[in-house]
Amino acid sequence: MNQTFAMIKPDAVERGLTGKIINRIEEAGFTIVAMKKVQLSLQDAQNFYAVHKERPFFGELTQFMSRSPIVALVLQKDNAYSAWRDLMGATNPTEAADGTIRKEFGQSIGENATHGSDSEENAIAEISFFFSQFEINR
Ligand code: DAT
Ligand code: MG
């Protein structure tokens, strides 16, 4: 599967980092095949992150993700989901490798600048959570 789902999270959008992160995405050879800026409701964030609903950080995570707009993207590249996870770096910015987006732009384990699908199956589900077929360029 050559497409994955990505988000620029509220912390990064608020700090005016959207353009810098999009630049990093394109410089790394991804093609942006869909993109939009939207604000999630708390319910939207709870639905998107339902897999984490039993985790102790679920309330903090869903409040954060719904506090201001995010930028949702569909990225295309060979091995898209793993290539985008590699470019993002580890969940915790303090553990992310040099040169990764989370190392450069993340502020904490919760406010870590970007999201990326963690499997092909989840990429398909997350793309269709945000985008209809006619919004995705081919
Ligand atoms: P990832 O975003 O790298 O796939 P994840 O799926 O384990 O990480 O968690 C989803 C998000 O939840 C993560 O980007 C930030 C937040 N999160 C994860 N672990 C956390 C923790 N221990 N405390 C606070 N927020 C956390
Ligand atoms: Mg995850």
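What you see is a predicted model; the values in this text were computed from it and never measured. Whatever order the structure lists them in is the order used to number ligands and atoms, beginning at 1.
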A.B. asks: Please determine whether a side-chain nitrogen of the Lys or Arg among K20 and E104 lies less than 4.0 Å from a carboxylate oxygen of the Asp or Glu.
C.D. replies: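 Looking at E104 together with K20, the answer is no, because their closest N to O distance does not fall below 4.0 Å.
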A.B. asks: Can you report which non-hydrogen protein atom sits closest to atom 15 (C) of ligand 1, along with the distance?
C.D. replies: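 Of every protein heavy atom, I109 O, 3.1 Å lies nearest to atom 15 (C) of ligand 1.
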A.B. asks: If the cut-off is 4.0 Å to any non-hydrogen atom of G110, which atoms of ligand 1 fall inside it?
C.D. replies: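 Near G110, the atoms of ligand 1 are 25 (N).
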A.B. asks: Identify the closest protein heavy atom to atom 18 (C) of ligand 1: which residue and atom is it, and at what distance?
C.D. replies: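 The closest one turns out to be F57 CZ, 3.5 Å.
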A.B. asks: If you have a sec, work out which protein heavy atom is nearest atom 1 (P) of ligand 1 and how many Å separate them, to one decimal?
C.D. replies: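 Atom 1 (P) of ligand 1 sits closest to the protein heavy atom T91 OG1, 3.6 Å.
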A.B. asks: Using a 6.0 Å cut-off, check whether atom NZ of K77 has over 12 heavy atoms from anything other than its own residue.
C.D. replies: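 Yes.
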A.B. asks: Please check if atom NZ in K36 has more than 12 non-hydrogen atoms from other residues, nucleotides or ligands closer than 6.0 Å.
C.D. replies: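 Yes - once you tally the heavy atoms of other residues, nucleotides and ligands closer than 6.0 Å, there are more than 12.
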A.B. asks: Looking only at protein heavy atoms, which one is nearest to atom 11 (C) of ligand 1, and what is the separation?
C.D. replies: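 Minimum-distance protein heavy atom for atom 11 (C) of ligand 1 reads L61 CD1, 3.9 Å.
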A.B. asks: Run the numbers for me: atoms of ligand 1, each under 4.0 Å from some heavy atom of R85, listed by number.
C.D. replies: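 Here the atoms of ligand 1 in question are 1 (P), 3 (O), 4 (O).
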A.B. asks: Would you say CD of E135 has more than 12 non-hydrogen atoms from neighbouring residues, nucleotides or ligands within 6.0 angstrom?
C.D. replies: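 Yes, enclosed.
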A.B. asks: State whether a side-chain donor-acceptor pair under 3.5 Å links S41 with D44.
C.D. replies: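 Yes, a side-chain donor-acceptor pair sits under 3.5 Å.
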A.B. asks: Could you check whether F58 and Y49 have their ring centres less than 6.0 Å apart?
C.D. replies: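 Here the rings of F58 and Y49 have centres that are no less than 6.0 Å from each other.
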A.B. asks: Which atoms of ligand 1 have any heavy atom of N112 under 4.0 Å away?
C.D. replies: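 Counting atoms of ligand 1 from 1, those under 4.0 Å from N112 are 13 (C), 14 (O), 15 (C).
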A.B. asks: Is it true that K103 and E95 have a side-chain N and a carboxylate O under 4.0 angstrom from each other?
C.D. replies: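 Not counted as a salt bridge, because no side-chain N and carboxylate O are separated by less than 4.0 Å.
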A.B. asks: Please determine whether any non-hydrogen atom of R102 lies less than 4.0 Å from an atom of ligand 1.
C.D. replies: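 A heavy atom of R102 does come that close to ligand 1.
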A.B. asks: Determine, using ring centers only, whether Y81 and F5 are less than 6.0 Å apart.
C.D. replies: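 Between Y81 and F5, which both carry aromatic rings, the centre distance is not below 6.0 Å.
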A.B. asks: Please confirm whether E60 comes within less than 3.5 Å of ligand 1 when only nitrogen or oxygen atoms on both sides are compared.
C.D. replies: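 No; the residue has no nitrogen or oxygen that sits under 3.5 Å from a nitrogen or oxygen of the ligand.
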A.B. asks: For ligand 1, which is the ligand I care about here, please tell me if K9 has any N or O atom under 3.5 Å from one of the ligand's N or O atoms.
C.D. replies: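 Yes, K9 has an N/O under 3.5 Å of an N/O on ligand 1.
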A.B. asks: Nearest to atom 9 (O) of ligand 1, what protein heavy atom do you find, and at what distance?
C.D. replies: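 Of the protein heavy atoms, H52 NE2, 3.5 Å lies nearest.
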